[in-house]
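Read the numbers this way: they start at 1 and go in the same order the structure lists the ligands and their atoms.
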Amino acid sequence: MKKCLTLLIAMLALAGTLAQAQIVKKEGAFRCGGWNDDFRQLRDLHWNMEELDMSLADCDSIRQNALHSRHRLKKIVFPDKLRIIGSQALFACDSIESLILPAGTERIESRAFGNCTGLKTLTVLAPTPPLLAEDAFSGVDVSKIRLVVPKGSKKAYKSAPNWDRFFKKPRTVAEQCPDEYAIIPVPNRIVYHSGKTLSTKSLGKIIAPASLVNEQERLKEVLGHRLGIKNFNKGKCPITLGIDNKIGGKEAYRLVIDEDGISITGADATGVFYGIMTLDQMLVPEQEGGRLAYLNAVTVEDSPRTGMRELMVDPCRIFIPFEDLKGMVVEMARYKMNALHLHLTDDQAWRIEIKKNPRLTELGSFRVGMDDMQMPIGGFYTQEQMKELVVFASQYHVEIIPEIEMPGHQVAAIHCYPELTCGAVQLPIRTTCGVSDNLLCPSNEFTYEFLENVFTELSSVFTSKYVHLGGDEAGNPPLECWSGCESCQALLKDIMSSPDTKPKPGSRNDNWRLQKYMFDRVIDFLHRKLDKTPMFWYETDFHEIQPGCIVFAWRHGLTATAIDAAIRCNAKIMLCPGEHCYLDYPAAKGDMPEVNWGMPVTSLAQTYRLDPAWGYGKDFEANNLFGVAGTLWSECINSTERLYYMAFPRALALSEAGWSRQENRDYQDFLKRLARISRDMHHRGICTANP
Ligand code: TNX
């Protein structure tokens, strides 16, 4: 009964908020610029705005990211005095069908109308064509848009740079091969065979063993996309795929282009796939619709510096639609990133179907609001969807790592099953960011039955041998939840009286032993029963790392402490230090998310500066370093396009930090390569921050 009532209330709340399509009229003084300007409020707080009339607003520019990815916006009337439309100002406002640009419009910047795929008519009242960035309409076929211009101006528009594309069907343009290929992450070795070239017209035929049928499919995708090839039985210069484990360790590959064809040899299938991804980048054209006429002959030898290059996404704070996870997999694989970590549970939501505990998704996957964004946020992934994602991602050599938090960040689960916390207190789902003091109760057997069932159900869904247990930010002050719980204190007394318990000087209190008790039990279960390798966010409260686990160094300023612990405990460590890898932080001052909980800036250069050895030298690298990860916590990321915006291009800097040898890395050179690669991302409709 209670369950039905809560559901009903949630549904009414959803229906109520959904019904109120907002029409907003902005007149007179308009604050443009600053951390919480009128655009930020229109974009993030008026989430249900369908019409925006700014005709009388005192504002001559629509600033960068002003109305980024407001999918519900159907109509916008621009200010009469409009001059400039900034970069990505209306990116992915894909419900808008018609736009009128006022007579004074002077400039339209990069991706201003990127992915505005609903646009049918564009009326420009300016007699002189405004300056139009080459990629102002990235991801949109402008030849399908009806362009209306003032009488007598048509000729000027027809010949104006980039406006000309509205008048002709897109066509492919043959391009020269660049003198130097732009490859990210930078390979170990590239040798150019000067003067020798391979005509791309002679390509098509693929020779590959049956074991590489998947990689052959990926190669066909590349050749289809970059060169328009449809027939793979034709072509006098073959592309040969093969495996040879003598060429190097895991994921290593060798790519040779000469006048007679291309050969890609991998130490394993993943190596072959990465050779194909390198070839894909070699085929990136300079212009939209460009196609390389030939390739310069070259030999590339490459292998990764670290074994795992990961991105973590957080569908809990703001849900990420299932299909969009697939898009992220494809994009990250291009840059040789090989793990997508799904943060599936948190205080604000539970996002994965658990068959034995249906309340988790019935009651735990919907709420209204995230901080000041009072919008309905709901959704969860079924186990079938996750199985599909695992198979899909494996085709791109990406593994999916699930995370179920313990003992903190579990308010949504506690909301559904109050007996999970001490005293079985009833808690609402959290709608704000920050840290909750309520933790799973380590002294109640129900907690273990619950966790063991969740991990057991998920073990058949996620085939990765890794499973992440969270472990971070368990209360503030840490672990205090257990101090007032009688059974927890009784358990602690038991632990303390055991002859194995040794005093730990400097400990604030002994509650950390309860956390260790809980982790020991769950880790033992995962090792013995499910054959999984547990991972967790390192906190100094852990004191030691259990054998066979992988820790994540994440806290800004405590990276060396976490590394010291890993070395002391002979454990593997993943580096995602707050100093470099928090991709939820703005990449520049004033950039999205303009309003946040006080995030520092993490610039592209700062991400690039990460050296995964952290000054610890070769032994650390060989014995302990597991990989690098970028985290995309989503408290302030309210659309998939914004998720991409935060991820890219910084994830490319991270992939180079994780893959490439330190001596081959140079930031200026990276930026040069990035210029070509990010232009390609824009042409493909991918959303990135400005480097
Ligand atoms: C800390 S990083 C958290 C997350 C937040 C993030 C915001 C980590 C292990 N925990 O719960 O979302 O900060 O940047």
Handout entry: Sidechain N-carboxylate O distance under 4.0 Å for Asp611, Arg305
Key = yes
Practice task
Evaluate salt bridge (Lys or Arg N to Asp or Glu O under 4.0 Å) for Lys326 paired with Glu323, printing each intermediate quantity in order.
Solution key: CA-CA 5 Å; Lys326 291 187 182 169; Glu323 288 299 327; 3.6 Å; yes
Practice task
Return yes if some donor-acceptor pair links the side-chain N/O of Asp314 with the main-chain N/O of Leu632 below 3.5 Å, else return no.
Solution key: no
Handout entry: Sub-6.0 Å ring centroid separation between His468 and Phe552
Key = yes
Problem - Per-ligand residue contacts, ligand 1, heavy-atom threshold under 4.0 Å - result: Arg317, His409, Asp472, Glu473, Trp537, Trp554, Tyr582, Asp584, Tyr585, Trp597, Trp633, Glu635
Exercise for the section: Mark yes or no for whether Asn357, through its side chain, and Ile354, through its backbone, hold a donor-acceptor pair below 3.5 Å. Expected result: no
Exercise for the section: Check whether the ring centres of Trp633 and His343 lie less than 6.0 Å apart, and answer yes or no. Expected result: yes
